[in-house]
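One structure is given here, and the rest of the page talks about it.
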Amino acid sequence: MEDTTGTDRGSATVQVSRLFQGYGRTMVLRDVDFEMQGGEILALIGPSGSGKTTLISTIMGMMPPKSGSVHVLGVRMPNREQLGNIGFMAQTDALYTNLSGMENLKFFASLQNVDKRRFAESAMHAAKIVHLENALNRRVAGYSGGMKRRLSLAIALIGDPEILILDEPTVGIDPELRREIWSELHRIADQGHTIMLTTHVMADAAQADTLLMIRQGEAIAKGSPEEVKEQYRATSIEDAFVQAGRDQDAHLGND
Ligand SMILES: Nc1ncnc2c1ncn2[C@@H]1O[C@H](COP(=O)(O)OP(=O)(O)O)[C@@H](O)[C@H]1O
Ligand SMILES: [Mg+2]
């Protein structure tokens, strides 16, 4: 991407600029502005209803911004072709329950331009990460909630995408598997890929390079977990988050 601004914006893999977004007349995101670099893991944290999924849907190009812009790998979203470079896991599993896990992987891999000759290998690799390799021939209708979540994650990973966007990937996943998934996410980031995820779990947030706290549609804090804790003189991310909320209320004149 050409950089004419003299800043390092040109190296951003995901760039969200002065984004306003909403549904109908209701504004949900106000002036959200941040960027990510290759190799970075960013955790978007915020209460239910704060606009995390709306932000992710906008980055994916499912909703054009009301104003402001989103660029992924230098391309302005929405852009259908760019979706081939993004591994996406939605908050609500979008799976074909009448098909087997393997058939789901095959279908979504075909949308992600996965090399057909390497499909079997890629599918097995992705399935192993989420411990589903022995359930792939079963119909998804018989999967538990956690298994569906894990299949959705495997689908997001299968194309080895440049950008990974995961909406609550650890919901319904036990602590041991959660740890293994984190070690895989770190490995993927170490290869220069960009990962953005949402979470309610502070232990997940602590694993990220960068936290972006969002509350009532505004990005209220951004930095490494250590920086965010320091900024709010908090001993935990959870305390920092609560304190950030109080500051925002005081600023807005809320009680
Ligand atoms: N399709 C929609 N139509 C209207 N309002 C919506 C829609 N989706 C979400 N919202 C509203 O937008 C706000 C943010 O929702 P969401 O982005 O899902 O938050 P989060 O993912 O942080 O829980 C909430 O007030 C929610 O009710
Ligand atoms: Mg959500």
Side-chain angles (χ1 to χ4, degrees), residues 14-36 41-70 72 77-78 83 86-95 145-146 148-153 155-157 163-173 178 181-182 185 194-208 210-223 225 228 237-238 240-249 251-252 254-255:
V14 175
Q15 189 182 332
V16 174
S17 303
R18 311 219 57 179
L19 175 70
F20 288 74
Q21 184 61 291
Y23 302 91
R25 284 188 191 158
T26 314
M27 211 47 90
V28 170
L29 299 175
R30 276 178 237 96
D31 207 7
V32 174
D33 200 280
F34 69 97
E35 59 183 44
M36 296 181 65
I41 303 180
L42 181 144
L44 184 59
I45 62 176
S48 191
S50 58
K52 300 181 298 295
T53 296
T54 302
L55 177 55
I56 280 187
S57 305
T58 308
I59 294 172
M60 290 297 295
M62 295 167 187
M63 309 167 66
K66 293 266 190 212
S67 75
S69 64
V70 173
V72 175
M77 303 299 283
L83 294 179
I86 308 176
F88 175 53
M89 177 180 180
Q91 184 174 348
T92 314
D93 297 307
L95 300 166
K148 288 182 190 157
R149 233 37 222 134
R150 282 145 58 195
L151 180 59
S152 296
L153 181 55
I155 287 168
L157 297 173
I163 312 276
L164 260 183
I165 297 193
L166 312 172
D167 201 351
E168 304 200 6
T170 61
V171 168
I173 289 184
R178 181 185 301 246
I181 287 172
W182 267 108
L185 294 180
T194 306
I195 304 176
M196 176 175 188
L197 56 90
T198 73
T199 184
H200 287 290
V201 180
M202 295 300 153
D204 285 337
Q207 291 264 358
T210 311
L211 300 182
L212 181 65
M213 290 191 180
I214 181 167
R215 202 163 173 273
Q216 295 174 32
E218 287 182 48
I220 54 173
K222 181 173 181 274
V228 168
I237 295 166
E238 198 156 1
F241 192 52
V242 170
Q243 191 54 47
R246 288 199 189 115
D247 288 2
Q248 187 195 29
D249 285 345
H251 184 67
L252 295 174
N254 296 345
D255 285 320

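Nothing here was measured: the structure is a model prediction, and the numbers come from that model. As the structure lists them, so they are numbered: ligands from 1, and atoms in each ligand from 1.
- For atom 16 (P) of ligand 1, the closest non-hydrogen atom on the protein side is Thr54 OG1, 3.7 Å.
- The backbone N or O of Leu19 sits nowhere less than 3.5 Å from a side-chain atom of Lys66 that would complete a donor-acceptor pair.
- By the 4.0 Å heavy-atom criterion, Gly46 is excluded from the residues contacting ligand 1.
- For ligand 1, the atoms lying closer than 4.0 Å to a non-hydrogen atom of Lys52 are 17 (O), 19 (O), 20 (P), 21 (O), 22 (O), 23 (O).
- Taking CE of Met202 as the start and CZ of Phe241 as the end, the distance is 5.5 Å to the nearest 0.5 Å.
- Contact record, Val70 with Val16: CG2-CG2, 4.3 Å, taken as the closest heavy-atom pair.
- The shortest non-hydrogen separation linking Thr194 to Val14 is CG2-CG2, 4.3 Å.
- Among all heavy-atom pairs drawn from Pro78 and Gly61, the shortest one is CB-O, 3.4 Å.
- With rounding to the nearest 0.5 angstrom, the CE atom of Met60 is 13.5 Å from the CE atom of Met63.
- Distance check for atom 27 (O) of ligand 1: every protein heavy atom is found at 4.0 Å or beyond.
- In this structure, atom 6 (C) of ligand 1 is in close contact with the protein, since a protein heavy atom lies within 4.0 Å of it.
- Distance alone, capped at 3.5 Å, places no donor-acceptor pair between the Gln216 side chain and the Val28 backbone.
- Nearest to atom 25 (O) of ligand 1 among the protein's heavy atoms is Gly49 O, 4.0 Å.
- Although no hydrogens or angles enter the test, the distance criterion places a donor-acceptor pair under 3.5 Å between the side chain of Thr58 and the main chain of Thr54.
- A salt bridge is defined here as a Lys NZ or Arg NE, NH1 or NH2 lying under 4.0 Å from an Asp or Glu carboxylate O, and Asp249 with Arg215 meets this definition.
- Counting heavy atoms under 4.0 Å from ligand 1, residue Val28 touches it through the side chain alone.
- Under a 4.0 angstrom heavy-atom cut-off, Gly24 registers as lying outside contact with ligand 1.
- Of all protein heavy atoms, the one lying nearest to atom 19 (O) of ligand 1 is Gly51 N, 3.2 Å.
- Under 4.0 Å is where a charged nitrogen must lie from a carboxylate oxygen, and between Asp93 and Lys148 no such pair does.
- Atoms of ligand 1 lying under 4.0 Å from at least one heavy atom of Pro47, given by number and element, are 22 (O).
- Applying the 4.0 Å criterion to heavy atoms of Ser48 picks out, from ligand 1, the atoms 23 (O).
- Around the Mg ion (ligand 2), the protein atoms of type N, O or S found under 2.8 Å away are Thr53 OG1, Gln91 OE1, listed by chain and number.
- In this structure, atom 18 (O) of ligand 1 lies nearest to the protein heavy atom Thr53 CB, 3.7 Å.
- Contact annotation: for Ser57 versus ligand 1, there are no heavy atoms closer than 4.0 Å.
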Could you list the donor-acceptor pairs under 3.5 angstrom formed by side chains in residues 164-173, with sequence neighbours left out?
from   : atom 1 : to     : atom 2 : distance (Å)
Asp167 : OD1    : Thr198 : OG1    : 2.7
Asp167 : OD2    : Thr53  : OG1    : 2.7
Glu168 : OE2    : His200 : NE2    : 3.2
Thr170 : OG1    : Arg178 : NH1    : 3.4
Thr170 : OG1    : Asp204 : OD2    : 2.6

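- Taken from CD1 in Ile56 to CG in Leu197, the straight-line distance is 8.0 Å, to the nearest 0.5 Å.
- Among all non-hydrogen protein atoms, the one lying nearest atom 11 (C) of ligand 1 is Tyr23 CE1, 4.0 Å.
- In terms of heavy-atom proximity, Leu185 sits nearest to Ile195 at O-CD1, 3.3 Å.
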